[in-house]
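Each chain gets a letter, A, B and so on, in the order its sequence line appears, and its residues count up from 1.
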Amino acid sequence: MQCASVKLKFLIKTIYNPCYCCAWLLYYLLKDFLQRFRMSTNDVRVRFAPSPTGQVHIGNIRTAIFNFLFARNQGGKFILRVEDTDIERSTPEAIAKLFEVMQWLKLEVDEEPVYQTSLAGAHLEAAEKLIAKGDAYKFAKGEGGEEATLYRIPIDVESLNFVRKVGAQSVALHPDKDFIAGPEGISYALISKKGKAVPLEACLAGFQNLKLFNEDNDCIFELVPNLEAILSGERFIIDAAVRAEYDRYEVFFDDLVKGQLAKPLDSMKDLVIVRSNGTPVFHLANVCDDASQAISHIIRGDDHVENTYRHIFLFHSLGYDVPKYAHLPMIVNASGKPYSKRDGDAFVGDFKAKGYIAQALFNYLTLLGWSPGDDREKMSLNEIIKAFDITRVKSAAAQMDMNKLFNLNGQYMEEMPFTDFYSKVADELAQYDWFDSENTGYNHQVAALLQSRTKLFSQVDAWKYFYSNEYELNAKLIRKNLSRDGVISALSALAEKLSSPEYFASKELLESIVAEIGEANGFANGKLNLPIRLTVSGSNSGADLYETLLLLGAECVSSRLARAAGILEMVSAE
RNA sequence: CACCCCAUCGUCUAGUUGGCCUAGGACACAGGGUUUUCAUCCCUGCAACACGGGUUCGAAUCCCGUUGGGGUGACCA
């Protein structure tokens, strides 16, 4: 693109030589037009490429979310590639789970999902192509083993625009260990601070213009003149070398979130691309698929940065453009360590099961490692898409904060349309035998009363007292509050009075009755509220007391209040 | 062990072209207020630039080092 622009500029300049001003103006207008054109025929394509081996991990789905957001923000395509080549571990159940989770979070893909197994033929073809080009070779490690196919990091690096020279290196070699140069690379040993040998291996490309010297400072080996022999299989073993001199080069790329990243070639090794059993390795498959699917931006976890240095070479050797990369920081557990299966709450399914709202989890995950730059936190999907900027993603790992997720979920819960809320709640309640799904009118009233104080769907287990007399009792609070002088007798008096339904005509009437009875028994206004609540619900928290009583009805309230003494006795006996 | 990466309140983060930062917001926590009760809401408080050098008139922001953490290291993805 840049090259084209320069050519264009030159062309226009030569045509309009007499008038540079016009040329410049025209150039900028054209450039602008080209940019707009490119925007409209967007070629941004990103993919989410999970291995379906069991549950969907929370960190994994975050990667999917960021890919999705990037695609939507850029007007590009979001693609799902199921990397199911691990036949042992990939199961149909896991794939179904993956779809379920993505659907739940509304991560809509723009093309039919692609299964990597269907692409496997191309991987081996690519390997053959690399061997034919001389960029890959067969090698068996150890004695008598089967040969695997290894990709050779290109030794001719000068023409590579993603490799640069860092400088001349001069390192001391450990005298006890041989310096070996063979077709599969170089093996040698450095000297540690304590004088011990530090064995190392690297690719041939890492040692440009290598020269080895002995104790007398005589050059005893040079790589370049022997390169041809080495590549055709010869192995040089130099035992008296004490120093190596070479030009160090490094691969580099601009990561959209981490900035420019680089790695010296002398710390890289040739890599296996086809196993000795003939199956392609992840690196090859991944690169081939990203190329064949024309992926423009690879957005993936932090744990892949090391792979990126190698994949860049593979893309190039296979004759493809290198895509742009963005490496997302990992999500860590409460103790700051990487999530493991044992941690709990590591899978998306756990959150769904606990009654979190998909949008809330989505919104929360979005805020892990990213922020819009202002103080907005609770945002609609459209707001997030509009604000999303991959370069604003942080490069440090983030911890899940269950409190904050819980709080955010509560906010979503509160503003959820009642009908949506009710249907979820009814589903959740269906699992309890005390729930009466037939009684829809009553159920609606209960749900309406409790919606604003529900932060998680699983909390509906506390609604039992609306349906059954066998509700949980907070023993400690009941002991404390019902044992006070006069409380039981006041509750009995109230029970008697409230046995007639006429007082349940309105909230106000009910309040006045309670106040009246309370006063008659020596309780100031409001002092009876907690004892009443504890008696009829077993808990000190809930909805507005009088609305609750109204819903429960005269018969229920009266009978529960009447057994206050029994309840107190029961919890005291414990 | 080698290489790569990261480092602001307990947690998520704002801060990114050095001065509007005696470091802002949110969650959590503590205290107070409104509400006869529950919840909501409001106010206040607590609390961080990992450490040590350097550059500079001035650094959370740039450079170096240390420490700590993470990733990767020939046939997992």
Side-chain angles (χ1 to χ4, degrees), chain A residues 49-51 53 83 85-86 88-89 116 139-141 145-151 184-185 190 192 196-202 250 255 258-259 261-264 266-277 279-283 285-286 301-310 327 329-330 332 334 336-338 364 367-378 391-392 394-408 410 414 449-450 452-455 511 514-515 518 524-533 537 539-549:
Chain A
S51 307
T53 56
E83 304 214 330
T85 46
D86 188 339
E88 304 264 305
R89 296 192 302 152
Q116 193 167 50
F139 183 76
K141 192 181 182 178
E146 292 288 307
E147 286 187 327
T149 306
L150 288 267
Y151 171 72
E184 77 286 0
L190 257 26
S192 75
K196 284 188 173 177
V198 180
L200 292 169
E201 286 175 65
E250 65 183 11
D255 191 278
K258 289 178 175 282
L261 262 24
K263 189 179 178 71
D266 55 355
S267 67
M268 292 178 71
K269 284 190 275 188
D270 290 353
L271 56 138
V272 173
I273 52 174
V274 179
R275 297 185 189 94
S276 43
N277 69 8
T279 57
V281 169
F282 161 75
H283 303 293
N286 202 253
D302 227 351
D303 48 337
H304 281 292
V305 302
E306 294 293 323
N307 293 334
T308 304
Y309 299 113
R310 322 201 255 218
H327 286 97
M330 318 220 77
V332 294
K337 298 286 177 190
Y364 177 73
L367 262 17
L368 230 45
W370 177 81
S371 82
D374 47 44
D375 286 340
R376 284 179 298 167
E377 290 196 332
K378 183 174 176 298
T391 66
R392 281 193 57 84
K394 290 228 317 175
S395 47
Q399 252 180 53
M400 290 281 286
D401 182 351
M402 291 303 167
N403 278 323
K404 189 148 181 165
L405 171 60
F406 181 70
N407 181 281
L408 192 61
E414 209 176 325
L449 185 59
L450 273 312
S452 68
R453 18 222 132 188
T454 305
K455 294 202 166 195
E511 282 185 43
V514 172
N525 197 13
K527 291 293 178 195
L528 234 32
N529 283 327
L530 186 55
I532 296 171
R533 183 184 289 281
S537 78
S539 164
N540 65 330
S541 69
D544 178 277
L545 179 61
Y546 297 95
E547 302 221 34
T548 302
L549 296 181

Review point. Hey, which of these two, A:Leu190 or A:Phe406, hits RNA chain B nearer its 5' end, going by closest nucleotide?
Key: A:Leu190

Review point. Roughly, in whole Å, what's the span from NZ in A:Lys258 to P in B:G71?
Key: 12 Å

Check your understanding: Touch check for A:Leu271, heavy atoms < 4.0 angstrom, all strands: base, sugar-phosphate only, or nothing?
Key -> nothing

Practice item. Taking atom P in both B:C27 and B:U17, compute the distance separating them and give it to the nearest angstrom. Key: 30 Å

Review point. What is the distance, rounded to the nearest whole Å, between atom NZ of A:Lys263 and atom P of B:U72?
Key: 12 Å

Check your understanding: Hey, is the side chain of A:Arg392 poking within less than 4.0 Å of OP1 or OP2 on B:G15, counting only N and O atoms?
Key -> yes

Practice item. Measure from the side-chain heavy atoms of A:Asp303 and tell me the nearest of B:C5, B:G71, B:U13. Key: B:G71

Revision key, fill the gap. When rounded to whole Å, the CG to P distance for the pair A:Asn307 and B:U72 reads 9 Å

Point to revise | Distance, P atom - from B:G15 to B:G25, rounded to whole angstrom | key: 15 Å

Check your understanding: In whole angstrom, what separates A:Lys378's NZ from B:C27's C1'?
Key -> 16 Å

Review point. Side chain of A:Pro338: nearest nucleotide among B:G71, B:U13, B:A2?
Key: B:G71

Check your understanding: Ring centroid separation for A:His304 and A:Phe282, is it under 6.0 angstrom?
Key -> yes

Review point. A:Asn403 side chain: which of B:C27, B:C5, B:U8 is closest?
Key: B:C27

Study note, to complete from the structure: Which of B:A2, B:C3, B:C6 is nearest the side chain of A:Pro264? It is B:C3

Revision key, fill the gap. Of the candidates B:C6, B:C75, B:U8, the side chain of A:Lys394 sits closest to B:U8

Exercise for review: Look at all strands and tell whether A:Leu150 reaches a base, only sugar-phosphate, or nothing, counting heavy atoms closer than 4.0 Å.
Suggested key: base

Check your understanding: Roughly how far apart, to the nearest Å, are B:C51 and B:G10 at atom P?
Key -> 12 Å

Review point. If the C1' atom of B:U11 is compared with that of B:U55, how far apart are they to the nearest Å?
Key: 35 Å

Review point. Is the shortest heavy-atom distance from the side chain of A:Ser371 to the side chain of A:Arg392 under 4.5 Å?
Key: yes

Review point. Has A:His304 got its ring stacked on the base of B:A77, with centres under 5.5 Å and planes less than 30° apart?
Key: yes

Practice item. Under 4.0 Å between any heavy atoms, over every strand shown, what does A:Val198 touch: base, sugar-phosphate, or nothing? Just pick one. Key: sugar-phosphate

**Study point:** Any donor-acceptor N or O pair under 3.5 Å, side chains A:Tyr364, A:Asn407
**Key:** no

Point to revise | Minimum-distance nucleotide (side-chain atoms of A:Lys404 versus B:U37, B:C27, B:C75) | key: B:C27

Point to revise | Integer-rounded Å distance: B:C4 P and A:His327 NE2 | key: 16 Å

Check your understanding: Should A:Lys337 be listed as having a side-chain N or O under 4.0 Å from OP1 or OP2 of B:G69?
Key -> no

Review point. Which whole number of Å gives the distance between the P atom of B:U67 and that of B:A28?
Key: 39 Å

Point to revise | Atom-pair distance (CD on A:Glu184; P on B:C75), nearest Å | key: 15 Å

Review point. Between B:C12, B:C76, B:A7, which nucleotide has the shortest distance from any of its atoms to the side chain of A:Arg275?
Key: B:C76

Review point. Just checking A:Ala543: base, sugar-phosphate only, or nothing, at a heavy-atom cut-off of under 4.0 Å?
Key: base

Review point. So, A:His327 versus A:Asp255: side-chain donor-acceptor pair below 3.5 Å or not?
Key: yes

Exercise for review: Kindly point out which of B:U72, B:U37, B:C6 is positioned nearest to the side chain of A:Ala396?
Suggested key: B:C6

Exercise for review: Could you check whether A:Ala262 gets within reach of a base, just the sugar-phosphate, or nothing at all, counting any heavy atom under 4.0 Å?
Suggested key: sugar-phosphate

**Study point:** Side chain A:Thr279, main chain A:Arg275, donor-acceptor under 3.5 Å
**Key:** no

Point to revise | B:C9 to B:G53 separation - C1' atoms, rounded to the nearest Å | key: 26 Å

Point to revise | Per A:Tyr546 side chain, nearest of listed nucleotides B:C76, B:U36, B:C6 | key: B:U36

Exercise for review: Indicate whether the side chain of A:Glu83 and that of A:Asn286 have a donor and an acceptor atom separated by less than 3.5 Å.
Suggested key: yes

Exercise for review: Would you indicate what A:Ser276 reaches in the nucleic acid, counting non-hydrogen atoms under 4.0 angstrom: base, sugar-phosphate, or nothing?
Suggested key: base

Exercise for review: Would you mind classifying the nucleic acid contact of A:Leu367 as base, sugar-phosphate or nothing, using non-hydrogen atoms under 4.0 angstrom?
Suggested key: sugar-phosphate

Practice item. Consider the side chain of A:Arg310, meaning its heavy atoms from C-beta on, and name the nucleotide among B:U37, B:U72, B:C12 that approaches it most closely. Key: B:U72

Exercise for review: Rounded to whole angstrom, note down the P distance from B:U72 over to B:G45.
Suggested key: 45 Å

Review point. Is A:Glu83 touching bases, backbone alone, or none of the nucleic acid, heavy atoms closer than 4.0 Å?
Key: sugar-phosphate

**Study point:** Side-chain N or O of A:Asn540 closer than 4.0 Å to phosphate OP1/OP2 of B:U37
**Key:** no

Check your understanding: Rounded to the nearest Å, what distance is computed from the CG atom of residue A:Asp401 to the P atom of nucleotide B:C29?
Key -> 11 Å

Practice item. Check whether any side-chain heavy atom of A:Leu190 sits under 4.5 Å from a side-chain heavy atom of A:Leu200, and report yes or no. Key: yes

Point to revise | Between C1' of B:C27 and CD of A:Glu377, the distance in whole Å | key: 8 Å

Check your understanding: Is there a donor in the side chain of A:Ser537 and an acceptor in the side chain of A:Arg533, or the other way round, less than 3.5 Å apart?
Key -> no

